[in-house]
Amino acid sequence: MSADGGAGRALQRLALGLGCDRGTPAATIAQAIDTALASIGASRRDVVTVASITLKADEAGLLAATAAAGWTPCFFPPQALAVIAVPNPSETVRKYTGTPSVSEAAALLAAGTDLATDPGALRVEKHRLRGPDGRNATVSIARMPA
């Protein structure tokens, strides 16, 4: 068996940024995470850290999805996220959260990188999944510096 658990490939070091509608089920968030990771040939083994906005620190679905994966999310205040340059800012997101980006900014901040010094750091910009109940989960993935 190889050092990466048998998959035969080197592990990536990734940071996930998560956003979601209030009340989004853990299953929708988990599916969004898995789909976003698969889109870049990654898996949950590659995830080093997970982050979101402080407004989601009590979001049951987000907490359940991350706990089931064995991750402890960190939460950033909107002011910290608002200063991170992202490719897909949203005025709607800013209106409700105080920052133009949650998932992209949280991924970059958690990874400890930015697009000015590492233009390719954001591996998945803004993957959105609408669950069967109509609630949305958003996942962004940033590569952590070596």
Side-chain angles (χ1 to χ4, degrees), residues 4-5 9-146:
D4 67 353
R9 67 169 178 83
L11 289 175
Q12 302 180 54
R13 291 179 34 85
L14 304 173
L16 300 183
L18 303 177
C20 62
D21 293 339
R22 222 6 117 184
T24 301
T28 298
I29 296 168
Q31 183 182 359
I33 290 168
D34 291 339
T35 304
L37 287 166
S39 76
I40 58 168
S43 74
R44 291 178 178 208
R45 290 186 323 269
D46 297 302
V47 176
V48 173
T49 188
V50 179
S52 191
I53 190 168
T54 51
L55 296 171
K56 298 297 177 185
D58 65 348
E59 187 62 45
L62 188 150
L63 295 173
T66 56
W71 304 320
T72 301
C74 61
F75 297 95
F76 297 112
Q79 306 89 311
L81 297 173
V83 299
I84 305 298
V86 297
N88 300 293
S90 166
E91 286 307 312
T92 302
V93 171
R94 182 191 311 269
K95 176 181 171 185
Y96 291 104
T97 67
T99 177
S101 171
V102 173
S103 69
E104 289 178 332
L108 289 165
L109 197 56
T113 192
D114 61 67
L115 297 177
T117 58
D118 186 0
L122 202 55
R123 299 285 315 281
V124 174
E125 289 185 2
K126 198 174 187 179
H127 172 76
R128 190 176 93 174
L129 177 74
R130 183 181 207 94
D133 62 357
R135 298 230 176 356
N136 295 298
T138 306
V139 179
S140 297
I141 303 174
R143 176 183 62 230
M144 298 180 79

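In terms of heavy-atom proximity, P145 sits nearest to G112 at CG-O, 3.8 Å. In this structure, I53 and F75 approach most closely via the heavy-atom pair O-CD2, 3.3 Å. Counting all heavy atoms, side chain and backbone alike, L63 lies closest to T66 at O-OG1, 3.2 Å. The two residues V86 and L115 have their closest heavy-atom pair at CA-CD1, 4.3 Å. The minimum heavy-atom distance between V124 and A36, with the atom names listed, is CG2-O, 3.7 Å. When all heavy atoms of P87 and E125 are compared, the closest pair comes out as CG-CD, 3.7 Å.
Proximity of a side-chain donor or acceptor of E104 to a complementary backbone N or O of N88 within less than 3.5 Å is detected.
Legend: residues meeting salt bridge (charged side-chain N to carboxylate O under 4.0 Å, His left out) with D114, ordered by chain and number and at least two apart, are absent. A107 meets the side-chain contact (heavy atoms from CB on, under 4.5 Å) test with L122, S140, A142; sequence neighbours excluded. D118 is linked by a salt bridge (charged side-chain N to carboxylate O under 4.0 Å, His left out) to R143, counting only residues two or more places apart in sequence or in another chain. Residues satisfying the side-chain hydrogen bond (donor to acceptor under 3.5 Å, both in side chains) criterion with R44, sequence neighbours excluded, are D34. Qualifying salt bridge (charged side-chain N to carboxylate O under 4.0 Å, His left out) partners for R128, counting only residues two or more places apart in sequence or in other chains: none. Applying the side-chain hydrogen bond (donor to acceptor under 3.5 Å, both in side chains) test to R123 and every residue at least two apart in sequence or in another chain returns Q12. Scored by the side-chain hydrogen bond (donor to acceptor under 3.5 Å, both in side chains) test, S101 finds no partners at all (sequence neighbours excluded). Take Q79 and apply the side-chain hydrogen bond (donor to acceptor under 3.5 Å, both in side chains) test, not counting sequence neighbours, and it matches no residue.
Taking OG1 from T54 and CG from L81, the interatomic distance works out to 7.5 Å, rounded to the nearest 0.5 Å.
For the pair R135/T28, no side-chain contact is recorded, criterion being any heavy-atom separation below 4.5 Å from C-beta on. Side-chain contact between F76 and I84 is absent, with no heavy-atom pair separated by less than 4.5 Å. Residues I40 and D46 form no side-chain contact, since every pair of their non-hydrogen atoms from C-beta on lies 4.5 Å or further apart. Inter-residue side-chain proximity for V102 and T138 is flagged as unmet; no heavy-atom pair is nearer than 4.5 Å.
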Could you go through residues 13-26 and list every donor-acceptor pair under 3.5 Å that involves a side-chain atom there, pairing it with any protein atom two or more places apart or in another chain?
unit_1	atom_1	unit_2	atom_2	d
D21	OD2	N136	N	2.7
D21	OD2	N136	ND2	3.2
R22	NE	E59	OE1	3.4
R22	NH1	D58	OD1	3.0
R22	NH1	E59	OE1	2.6
R22	NH2	L55	O	2.6
R22	NH2	D58	OD1	3.4
T24	OG1	D21	N	3.3
T24	OG1	D21	O	2.7
T24	OG1	N136	O	3.3

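Residue pairs that meet the salt bridge (Lys or Arg N to Asp or Glu O under 4.0 Å) test with at least one member in residues 60-76, sequence neighbours left out, do not exist here. Residue pairs meeting the salt bridge (Lys or Arg N to Asp or Glu O under 4.0 Å) criterion with at least one member in residues 83-101, sequence neighbours excluded, are E91-R94. Applying the salt bridge (Lys or Arg N to Asp or Glu O under 4.0 Å) rule to pairs touching residues 64-90 yields nothing, sequence neighbours excluded.
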